[in-house]
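Below, chains carry the letters A, B, ... as their sequence lines are ordered, and counting in each starts from 1.
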There are 2 protein chains.
Amino acid sequence: MGESTLRDVAELAGVSPRTVSNVVNGYARVTDATRSKVEHAIAVLGYRPNVLARNLATGRSGQIVVVVPYLDTPYFAELLQTIIPTARKAGYNVLVDQTDGDRDHEVELIGRGPRRFLFDGMIISPLGLSQEDLSLRDPTLPLVVLGERPSDGTFDHVGIDDVAAATEAVRHLISIGRRRIAAIGDQPYPTGEAAQLRTRGFRAAHTAASLPVDESLIISTTRFNRADGATAMAALLDRPDPPDAVFCYSDLVASGAIHTALQRRLRVPEDIAVIGYDDIEDGRYGRPTISTISPDKKAIAQLAVERLIMRIGSTEPVLGVELRAAHRLIPRESTLRDAP
Amino acid sequence: MGESTLRDVAELAGVSPRTVSNVVNGYARVTDATRSKVEHAIAVLGYRPNVLARNLATGRSGQIVVVVPYLDTPYFAELLQTIIPTARKAGYNVLVDQTDGDRDHEVELIGRGPRRFLFDGMIISPLGLSQEDLSLRDPTLPLVVLGERPSDGTFDHVGIDDVAAATEAVRHLISIGRRRIAAIGDQPYPTGEAAQLRTRGFRAAHTAASLPVDESLIISTTRFNRADGATAMAALLDRPDPPDAVFCYSDLVASGAIHTALQRRLRVPEDIAVIGYDDIEDGRYGRPTISTISPDKKAIAQLAVERLIMRIGSTEPVLGVELRAAHRLIPRESTLRDAP
DNA sequence: CTGAAAGCGCTAACAT
DNA sequence: ATGTTAGCGCTTTCAG
């Protein structure tokens, strides 16, 4: 027995395809009598609706795609863990794509290629995309952007207040008596907005405390991973005047940085305090545990999905908005020896 | 301007839809003259093929789904990082689903539901699924299984030789002089095959070294995460006769276990040596770095995808096979103080 | 090498 | 409340 179709069900039940469709989709009201006739026929035939056919007829795929630069970055993995069930509950499947931060790949994804038909909307955390690239995208694509690419009014953007968060992080370092504070993770080029916001917070905290900023202590990295953190920390410690604290732009960077410090027999936080960003699980189990900025990841994921689905459902163009999730500072052992 | 269709292109180019289709898909040979006419028309109209329509016509979706219990488990994240590009290269999109190890969810996914039409095949790492559940699946679904569920001959299974790997891990602990060795992660129930294979290796290593196995040192856990590792280690250390080494069934478990040990001011590996399983990135950066069994994750991912695609392409039923990827022992600081 | 035409299975006007 | 029917846009057999 092959697959049976809606028409087969209609015939067996002695009704029209229209009625079967109504029963399956719960559209119009249907008599209890006909309903059970239809349901019986469905059971007998083992009928299941062909989603492909439905997609073509409705012009919607029931899928959304989530595009992240790296899937093995815990931050994105943790985000996906909320995004997927949330979307699922709203009736959407989730496709996942990783771009390796490659601009061309990202451009292709938001452009008007054939894959557009495969998803009704997209949540993207871009890395290589410039602001213009974003504006040149397929205008019919409902889009929600994570990270830092201020909205141009045609898509939504959800994130936390990075400047404020970074300021808090550095203020914390200052509050525990540190004065020579380094930053690891700046990206002083057009697509590095996210990083630059953190750098801005770094400066703001210094200014607020009337501390000078030693520009040479701001280290750039191309990515936000452990290897970058380890390398950058090595460079800092090689200096004649190493810092007494480091603000890392991600927990992975912090993890790498701490690794290097400990290898050199330095004590963290006594000799050098370290604070990260993202609050990934690793940071709660490492040695020392990593102080961090904890963005409300659940809120970010839910906001993104809700907003995207709203966009998909709307026929009118929706004005792009900036959505801010909460964040909080979580001091741990990498800044306070006896932290919880 | 709305979307233009293949028919529009045909009209503008003055050819039949059939010819356009040929050009787009590179099917039959087409005259250079007509080809360029068609290509010109495509460019003018900004035509892109409607994948939804193609899917209905061909009955294939061009998508495969990867089902894992937890997306935030680094092991799966790292696996996906290879699976996605490999599938992409072969022309398949990857859908991702997480089940939280929920049996019903897993059963539904492999069953004959409507979602079946959305993917041409599935790679699944089951947790709650019993061997019968697997056999009751939609028989038309090309399936590749990761982890430990020996094939019933209708699907492929790819993994490493867990017994051998576990044996090596424990042999390593013995080789550094440990005699009271604990195991964290056993799952002594029907769906815990993966864990049980490791336990088997644990015993085999003892036997080979003529060491007795202290059954009370084999600790069961429901999951393989950090929290479980931390709890189990606490229980072990609370005993009057704590072990001098622990074999953990995942690096996450090891990470949690080490966390507990260090909190209690024990030295790792001097007071208690720890070895993990999976070789996730965290283990290379923690303090101490974690000795581990490193499965060839790239090979696992590639084998799974290749095999699945082969299955999808074949009209005849394909006999299920067992595919073994390589693994190797990587000693690090958690067993050898001066490891690289 | 190209054209004509019949579906793929479902949805959704429109009609009753 | 249910039936009729015309597509959705592409693929593909069959002719020519």
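Between B:Thr58 and D:dT11, a side-chain N or O to OP1/OP2 separation shorter than 4.0 Å is absent. Taking 4.0 angstrom as the limit, A:Thr5 places none of its side-chain polar atoms (N or O) nearer than this to OP1 or OP2 of C:dC8. Between B:Ser16 and C:dG3 there is a side-chain polar atom (N or O) within less than 4.0 angstrom of OP1 or OP2. The phosphate of C:dT2 has OP1 or OP2 within less than 4.0 Å of a side-chain N or O from B:Thr34. For the OP1/OP2 pair of D:dT2 and a distance below 4.0 Å, the side-chain nitrogens and oxygens of A:Asn22 include no atom meeting the criterion.
Mapped onto DNA chain D by nearest heavy atom, A:Thr31 and A:Arg7 fall at different nucleotides, with A:Thr31 at the one closer to the 5' end.
Put simply, CG on B:Asn50 is 18 Å from P on C:dC10, counting in whole angstrom units. Atom NZ of B:Lys37 and atom C1' of C:dG3 are 13 Å apart (whole Å). In this structure, A:Leu56 atom CG and D:dA6 atom P are separated by 17 Å, rounded to whole Å. Atoms CG (A:Leu6) and P (C:dC10) sit 5 Å apart, rounded to a whole Å. What separates CZ of A:Arg48 from P of C:dC10 is a distance of 11 Å, to the nearest Å. Counting to the nearest Å, the P atom of C:dG9 and the CG atom of A:Leu52 are 10 Å from each other. At whole-Å resolution of the value, CG in A:Asn25 and C1' in C:dC10 are 9 Å apart.
For the pair A:Arg223 and A:Tyr70, the cation sits on the ring face: its NZ or CZ lies under 6.0 Å from the ring centre, inside 45° of the axis.
Without hydrogens or angle criteria, B:Asn55 side chain to B:Leu52 main chain gives no donor-acceptor distance under 3.5 Å.
Nucleic acid contact class of B:Phe117 (heavy atoms, under 4.0 Å, all strands): none. Using a 4.0 Å heavy-atom criterion, one finds that B:Pro17 contacts no nucleic acid atom at all. Residue contacts shown for A:Asn55 are absent, as no nucleic acid heavy atom lies under 4.0 Å away. Among the heavy atoms of the strands lying under 4.0 Å from B:Val15 are primed sugar atoms or P, OP1, OP2 only; no base atom is included.
Nearest heavy atoms, B:Arg116 versus B:Thr140: NH2-O, 2.8 Å.
In this structure, A:Glu39 pairs ionically with A:Arg35, as a charged nitrogen and a carboxylate oxygen lie closer than 4.0 Å.
Between the base of D:dT13 and the side chain of B:Arg18 there is a donor-acceptor pair shorter than 3.5 Å.
For the residue pair B:Arg103/B:Thr191, the side-chain donor-acceptor check at 3.5 Å is not satisfied.
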